[in-house]
S.K.: 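Quick one: structure below, then a few questions.
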Amino acid sequence: MALIAWVAVFMAILAVVVAASLVVLYLRRRVLQREGGFDMCMRVGSEHGWAGGWVFGIGRYRGEYLEWFRTFSFAPRPKRSFERSELVVSNRRTPDAEEDFELPAGHVVLSCAVGATSVEMSMTDAASTAFLAWLEAAPPGGHLVR
């Protein structure tokens, strides 16, 4: 077989693999959203500021846990999981000028603490209201939203 034929076969296989990957990512997102998932961006803080930029993901509630899945990942398990009793919301704000370009339109930012770690979550206004209601609906003896 000529070199050009091998290159054509390789390119066809590569196109099929890329297309299949995109279909799998799309189906994973659909399944997560069908199970009550919502769009939620996140960034995690460190002692010296923010460890990285905003990462797109999907959040969903599972009992006493908020699970967060990266949008562009094939992992079947959540990347992060937050227990309701450990989450404390300290601030709710609109994105600043720089974040306005990084985050989806209509998102608000919630500054949270999980133990000693600071986390910022970005979600729509309706999703943030549902999130705060979920936190406040904790069983007796739980924590309060500041």
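The figures here come from the full heavy-atom set of this structure, side chains too, leaving out hydrogens, waters and symmetry mates.
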S.K.: R80 vs V44, test: side chain to side chain contact (heavy atoms under 4.5 Å, CB included). Steps then yes/no.
M.R.: CA-CA 11 Å; R80 294 192 177 271; V44 178; 3.4 Å; yes

S.K.: Can you find a heavy atom in the side chain of L66 that is under 4.5 Å from one in the side chain of R84?
M.R.: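 Counting from C-beta outward, L66 and R84 never come under 4.5 Å.
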
S.K.: Side chains of W54 and V109: closer than 4.5 Å at any heavy-atom pair?
M.R.: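 W54 reaches V109 side chain to side chain.
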
S.K.: Give, for atom OG of S81 and atom CZ of F69, the distance between the pair rounded to the nearest 0.5 Å.
M.R.: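 Here the rounded value is 8.5 Å.
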
S.K.: Give a yes or no on this: more than 12 heavy atoms of other residues, nucleotides or ligands lie within 6.0 Å of atom CG of L27.
M.R.: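 Check passes, neighbour count above 12.
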
S.K.: Carefully, step by step, assess L87 and F131 under the rule side chain to side chain contact (heavy atoms under 4.5 Å, CB included).
M.R.: CA-CA 11 Å; L87 260 171; F131 173 68; 4.0 Å; yes

S.K.: Could you walk me through whether D39 and R29 pass the side chain to side chain contact (heavy atoms under 4.5 Å, CB included) check?
M.R.: CA-CA 10 Å; D39 290 334; R29 180 179 174 90; 2.8 Å; yes

S.K.: Do you know the tightest heavy-atom contact between S122 and H107?
M.R.: OG-ND1, 2.7 Å

S.K.: Are V31 and W68 connected in a single hydrophobic cluster, I mean Ile/Leu/Val/Met/Phe/Trp/Tyr linked by side-chain heavy atoms less than 4.5 Å apart?
M.R.: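 As far as the 4.5 Å side-chain criterion goes, V31 and W68 are not connected within one cluster.
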
S.K.: Under 4.5 Å between any side-chain heavy atoms of M121 and C112, yes or no?
M.R.: yes

S.K.: Would F38 and T124 satisfy side chain to side chain contact (heavy atoms under 4.5 Å, CB included), going step by step from the backbone distance to the final call?
M.R.: CA-CA 9 Å; F38 57 96; T124 63; over 6 Å; no

S.K.: Do the side chains of V7 and F10 join up, straight or via other hydrophobic residues, at under 4.5 Å, putting them in one cluster?
M.R.: yes

S.K.: Distance-only check: which donor-acceptor pairs under 3.5 Å involve side-chain atoms of residues 96-103, not counting sequence neighbours?
M.R.:
residue, atom, partner, partner atom, Å
D96, OD1, E98, N, 3.2
D96, OD1, E99, N, 2.8
E99, OE1, R93, NH1, 2.7
E99, OE1, R93, NH2, 3.4
E99, OE1, D96, N, 3.1
E99, OE2, R43, NH2, 2.7
E99, OE2, R93, NH2, 3.0

S.K.: Looking at R28 and A75, would you say the former's side chain and the latter's main chain have a donor-acceptor pair under 3.5 Å?
M.R.: yes

S.K.: Are I13 and V16 linked, directly or through other ILVMFWY residues, by side chains that come within less than 4.5 angstrom of each other?
M.R.: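 The answer is no; the residues belong to distinct hydrophobic clusters.
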
S.K.: Judged by atom type as modelled, is there a donor-acceptor pair below 3.5 Å linking the side chain of S128 to the main-chain atoms of M123?
M.R.: no

S.K.: For the residue pair W134 and Y61, does the interplanar ring angle fall in the parallel (under 30°), tilted (30 to 60°) or perpendicular (over 60°) class?
M.R.: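 W134 and Y61: tilted rings.
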
S.K.: Enter the distance from F82:CZ to L135:CG here, rounded to the nearest 0.5 Å.
M.R.: 11.5 Å

S.K.: If I take atom CZ from residue F72 and atom CG from residue L22, how far apart are they, to the nearest 0.5 angstrom?
M.R.: 9.5 Å

S.K.: With V55, which of M40, R70, M42 fulfils side chain to side chain contact (heavy atoms under 4.5 Å, CB included)?
M.R.: R70

S.K.: Please find the pair of heavy atoms, one from L25 and one from T71, that lie closest to each other, and give the distance.
M.R.: CD2-O, 4.0 Å

S.K.: If every non-hydrogen atom of C41 is compared with every non-hydrogen atom of F56, which pair is closest and at what distance?
M.R.: SG-CD2, 3.4 Å

